[in-house]
Amino acid sequence: MTEVSSLTGRLLVAAPALADPNFDRAVVLLLDHDEEGSLGVVLNRPTPVGVADILGSWAGLTGEPDVVFQGGPVSLDSALGVAVIPGDHGPLGWRRVHGAIGLVDLETPPELLGPALGSLRIFAGYAGWGPGQLEGELGEGAWYVVESEPGDVSSPRPEHLWRAVLRRQRSELAMIATYPDDPSLN
């Protein structure tokens with residue numbers, strides 16, 4: 001088996017030609033990536049469902065928009081919390097993924113985590129890939145891999161995240177941010 005270089009903590013930005021409607025203009029934060037597969041959440045798919053409607057005790061701790069995000073097409077009936085916690089040490093109930101970004105154990109009482117949270121997002125479901133599947137998609141050019149920034153998790157304008165992430169790249173990827181939503185209208 002070949003060694004997999006971990007992409008944990010990085011962003012997958014959907015290429016304009018990616019045909020899967022689940023990932024059209026998606027920005028995925030990879031929470032885990034190893035030889036057993038990959039797991040991430042789509043950062044730019046807000047739903048109309050308020051956090052208070054699903055996880056009321058966490059509602060006061062999430063940023064704007066205060067809604068549940070569709071983390072991906074897998075297990076939409078499960079919830080994941082992703083939070084940014086500044087500093088070197090996180091509180092009980094939070095596991096560092098990369099830098100200041102980590103996963104929140106939503107079974108932990110919110111009052112234990114609340115004072116430490118820099119930002120929090122709740123995701124219904126996740127995006128998952130089996131062993132080698134993501135590497136195959138990367139080889140086909142379906143995704144661009146870029147560095148994440150803590151603010152990506154809590155962007156107040158998630159509908160603009162795809163373009164914003166591409167625009168900040170210091171390469172030809174910045175030009176892809178100008179790609180039209182429907183190239184046939186050009």
Side-chain angles (χ1 to χ4, degrees), residues 5-16 18 20 22-34 38-47 49-51 55 58-59 61-74 79-88 90-91 94-106 113-114 116-129 134 137-138 142-179 181:
S5 176
S6 181
L7 300 176
T8 299
R10 298 184 77 191
L11 297 177
L12 298 178
V13 181
L18 182 60
D20 186 339
N22 290 306
F23 297 110
D24 182 43
R25 304 274 169 127
V27 177
V28 178
L29 172 66
L30 282 175
L31 301 171
D32 194 25
H33 175 79
D34 58 27
S38 305
L39 179 138
V41 289
V42 179
L43 296 177
N44 58 334
R45 295 278 191 277
T47 72
V49 179
V51 172
L55 295 167
W58 290 97
L61 299 173
T62 57
E64 290 298 323
D66 189 16
V67 297
V68 175
F69 281 66
Q70 184 174 338
V74 182
L80 287 170
V82 177
V84 174
I85 296 188
D88 294 332
W94 180 79
R95 179 179 63 86
R96 185 177 313 278
V97 170
H98 178 76
I101 301 168
L103 284 168
V104 172
D105 177 355
L106 295 173
L113 284 166
L117 291 177
S119 65
L120 171 67
R121 277 269 152 86
I122 304 295
F123 297 90
Y126 61 90
W129 293 265
L134 178 57
E137 291 181 16
L138 291 172
W143 300 98
Y144 307 117
V145 179
V146 301
E147 295 298 324
S148 64
E149 294 181 1
D152 296 333
V153 171
S154 59
S155 172
R157 299 180 62 200
E159 67 279 5
H160 298 287
L161 191 59
W162 186 83
R163 287 188 196 282
V165 168
L166 287 170
R167 201 173 288 124
R168 74 178 184 228
Q169 303 310 307
R170 295 176 189 237
S171 66
E172 63 276 356
L173 287 181
M175 288 298 293
I176 294 177
T178 65
Y179 199 84
D181 291 335

**Message:** Please determine whether a side-chain nitrogen of the Lys or Arg among Asp152 and Arg168 lies less than 4.0 Å from a carboxylate oxygen of the Asp or Glu.
**Reply:** yes
Under 3.5 Å donor-acceptor, [X] side chain and [Y] backbone:
X	Y	answer
Trp129	Leu39	no
Arg121	Ser155	yes
Arg163	Leu166	no
Asn44	Arg25	yes
Ser38	Gly128	no
Ser6	His33	yes

Are any non-hydrogen side-chain atoms of [X] and [Y] less than 4.5 angstrom apart?
X	Y	answer
Val28	Leu11	no
Trp58	Leu120	yes
Pro158	Arg45	no
Ile176	Pro16	yes
Val13	Trp162	yes
Leu134	Leu12	yes

What closest approach, in Å, do [X] and [Y] show between heavy atoms, and which atom pair accounts for it?
X	Y	value
Ala59	Val51	CA-CG1, 3.7 Å
Gly90	Arg96	N-NH2, 4.1 Å
Leu80	Gly125	CD1-O, 4.1 Å
Val68	Phe123	CG1-C, 4.3 Å
Trp94	Ala83	NE1-O, 3.4 Å
Pro86	Ala116	CD-O, 3.9 Å

**Message:** Could you walk me through whether Val82 and Leu103 satisfy the side-chain contact (heavy atoms from CB on, under 4.5 Å) test, starting with their C-alpha distance in whole Å, then the side-chain angles of each, then the deciding distance to 0.1 Å, before giving a yes or no?
**Reply:** CA-CA 5 Å; Val82 177; Leu103 284 168; 4.0 Å; yes
**Request:** Begin from the C-alpha positions of Asp24 and Leu18 and carry the test side-chain contact (heavy atoms from CB on, under 4.5 Å) through to its verdict.
**Result:** CA-CA 7 Å; Asp24 182 43; Leu18 182 60; over 6 Å; no
**Asked** Are side-chain N/O atoms of His160 and Arg157 paired as donor and acceptor at under 3.5 Å?
**Response** yes
**Message:** Walk me through whether Leu106 and Ile122 qualify under side-chain contact (heavy atoms from CB on, under 4.5 Å).
**Reply:** CA-CA 9 Å; Leu106 295 173; Ile122 304 295; 3.8 Å; yes
**Message:** With rounding to the nearest 0.5 angstrom, report the CG to CZ distance, Leu173 to Arg167.
**Reply:** 13.0 Å
**CG-CG distance between Asp34 and Leu7, expressed to the nearest 0.5 angstrom** = 10.5 Å
**Request:** Could you check Phe23 against Val42 for side-chain contact (heavy atoms from CB on, under 4.5 Å), going step by step and ending with a plain yes or no?
**Result:** CA-CA 8 Å; Phe23 297 110; Val42 179; 4.0 Å; yes
